[in-house]
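Reading through the structure tokens given below for one structure.
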Number of protein chains: 2
Amino acid sequence: MPHRPRQCSIADALSIVGERWSLLTLREVFLGVRRFDRIARNTGASRDILTARLTKLVETGLLEKKQYETHPPRYEYVPTETGQALHSVLLSLMDWGDRYITRTDPPTVWAHDCGATLRPVMVCEHCREPVRPEELTVVRVDQPNPE
Amino acid sequence: MPHRPRQCSIADALSIVGERWSLLTLREVFLGVRRFDRIARNTGASRDILTARLTKLVETGLLEKKQYETHPPRYEYVPTETGQALHSVLLSLMDWGDRYITRTDPPTVWAHDCGATLRPVMVCEHCREPVRPEELTVVRVDQPNPE
DNA sequence: GTGGTAAGTTGGATTTTCCAACTTACCAGT
DNA sequence: ACTGGTAAGTTGGAAAATCCAACTTACCAC
């Protein structure tokens, strides 16, 4: 019986943003840093790899490469709707890092338009209660290896 | 003036779970698959890399390695509280993948204890409204490169 | 003419990852 | 007793990804 990996949207997502520097590149873009040199400095990615990542993020439709000057040609990278939608993934990861890894004062703080400092909470759309892992059950899942 | 990368909890988080196979390994653990061979098959990770990842996840306190049999010794990996807390990051990533990448029927579906199929939504803890990127402002952020 | 900025590209070294085969130790069936 | 299967790795060598510093092109400012 052949074995295949589990079919899963997490794996699909990681095939787009799972390589090193992709998510930090998006972090910079979300913070408003949209040009090559600055993204390179702020992330620490080497320039050749950053070129590859930006190209991929453009090809996969997360960023758009816009020319903001013609002579000489200069570009900036702006998020598409698909790219924007990843913001909550980064907020989620940031919140986890804040709580369990960094442990000092959060290095980055966002304010919500409601006036409060943002504390992102994941809730169930239906009942609006926070999602706790122990209150979840798998309904359907790809089963690559029958028991 | 020396350049340093931005100090950030996303980077801190990725230093723990940003390598290839870490998040898929955690996905399996959250789905209840907690033994080496099965995790290897379901993720597709090669065995040596999986060994390294599991070791790191144990060392960083996301998983606990429990012996469930002594002769011969056999182990299983169970999430700690820190590990559990990553579940919402994976839900967030899964939701993004479902919506923008996979586009077919979601391969994995969770039910919430309230009875509904889970649709995870990120809200502001204070006002309980969904977090939309355009309603956020950076309050404080490490500035590695002064303008 | 000199220096600086922006957005890359290049070559070569280093590090990670992949892959298949091997190991140890037990159990189950014939 | 022998054969096959399972579990949890370990090993050696090849392949791929990443890192790094230097180079390029084209403009502008002094």
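Letters A, B, ... mirror the listed sequences (proteins, then strands); counts begin at 1. None of these values were measured; they are calculated from a predicted model.
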When you measure from every atom of DNA chain D, which of residues 15-30 of chain A have a heavy atom less than 4.0 Å away?
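Hits under 4.0 Å, by residue number: A:Arg20, A:Trp21.
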What residues in residues 59-69 of chain B put a non-hydrogen atom under 4.0 Å from any atom of DNA chain D?
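The stretch gives B:Lys65, B:Tyr68 as the residues lying under 4.0 Å from the strand, ordered by number.
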Check side chain to side chain donor-acceptor pair (under 3.5 Å) between B:Thr60 and all other residues, then give those that pass, not counting sequence neighbours.
none
I'd like to know whether A:Leu24 forms a side chain to side chain contact (heavy atoms under 4.5 Å, CB included) with B:Arg6, so could you lay out the CA-CA distance, the side-chain angles of the two residues, the decisive distance to 0.1 Å, and finally the verdict.
CA-CA 10 Å; A:Leu24 291 187; B:Arg6 189 192 298 282; over 6 Å; no
Partner residues of B:Asp48 under the salt bridge (charged side-chain N to carboxylate O under 4.0 Å, His left out) criterion, sequence neighbours left out:
none
Atom [atom1] of [X] to atom [atom2] of [N]: distance rounded to whole Å?
{"X": "B:Arg38", "N": "D:dG5", "atom1": "CZ", "atom2": "C1'", "value": "14 Å"}
{"X": "B:Asp37", "N": "D:dG5", "atom1": "CG", "atom2": "P", "value": "15 Å"}
{"X": "A:Arg35", "N": "D:dC27", "atom1": "CZ", "atom2": "P", "value": "17 Å"}

For A:His71 and for A:Arg53, locate the closest nucleotide of DNA chain D by heavy-atom distance; then report the residue assigned to the nucleotide nearer the 5' terminus.
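Whichever sits nearer the 5' end wins; that is A:Arg53.
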Which residue lies toward the 5' end of DNA chain D, A:Arg47 or A:Pro72, if each is placed at its nearest nucleotide?
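Going by which nucleotide is closer to the 5' end, it is A:Arg47.
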Nucleotide range of DNA chain C lying under 4.0 Å from chain A heavy atoms:
C:dT5 to C:dG11
Pairs in or reaching into residues 50-70 of chain A: which pass salt bridge (Lys or Arg N to Asp or Glu O under 4.0 Å), with residues at least two apart or in two chains?
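Residue pairs with at least one partner in residues 50-70 of chain A: A:Glu19-A:Lys56.
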Among pairs that include at least one residue of residues 91-118 of chain A, which meet salt bridge (Lys or Arg N to Asp or Glu O under 4.0 Å), considering only residues two or more places apart or in two chains?
A:Asp95-A:Arg99
Anything under 3.5 Å between a donor and an acceptor, one on a side chain of residues 114-138 of chain A, the other on a protein residue two or more places apart or in another chain? List them.
from, atom 1, to, atom 2, distance (Å)
A:Arg128, NH1, B:Arg128, O, 3.4
A:Arg132, NH1, A:Glu134, OE2, 2.8
A:Glu135, OE1, B:His112, NE2, 3.4

Output every pair passing ring-ring contact (aromatic ring centres under 6.0 Å, His included) with a member in residues 34-61 of chain A, not counting sequence neighbours, ordered by first then second residue.
none
Can you list every pair that meets ring-ring contact (aromatic ring centres under 6.0 Å, His included) and has a residue in residues 37-60 of chain B, with sequence neighbours left out?
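Matches after skipping sequence neighbours: none remain.
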I want to check something: taking the side chain as every heavy atom from C-beta on, are A:Arg34 and A:Leu63 in contact at a cut-off of under 4.5 Å?
no
Which other residues belong to the hydrophobic cluster containing B:Val139, where Ile, Leu, Val, Met, Phe, Trp and Tyr are joined when side-chain heavy atoms lie under 4.5 Å apart, directly or via other members?
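Answer for B:Val139: A:Val109.
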Name all pairs fulfilling the side-chain hydrogen bond (donor to acceptor under 3.5 Å, both in side chains) condition that reach into residues 70-91 of chain A, sequence neighbours left out, sorted by first residue then second.
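Non-adjacent pairs meeting side-chain hydrogen bond (donor to acceptor under 3.5 Å, both in side chains): A:Glu81-B:Tyr100.
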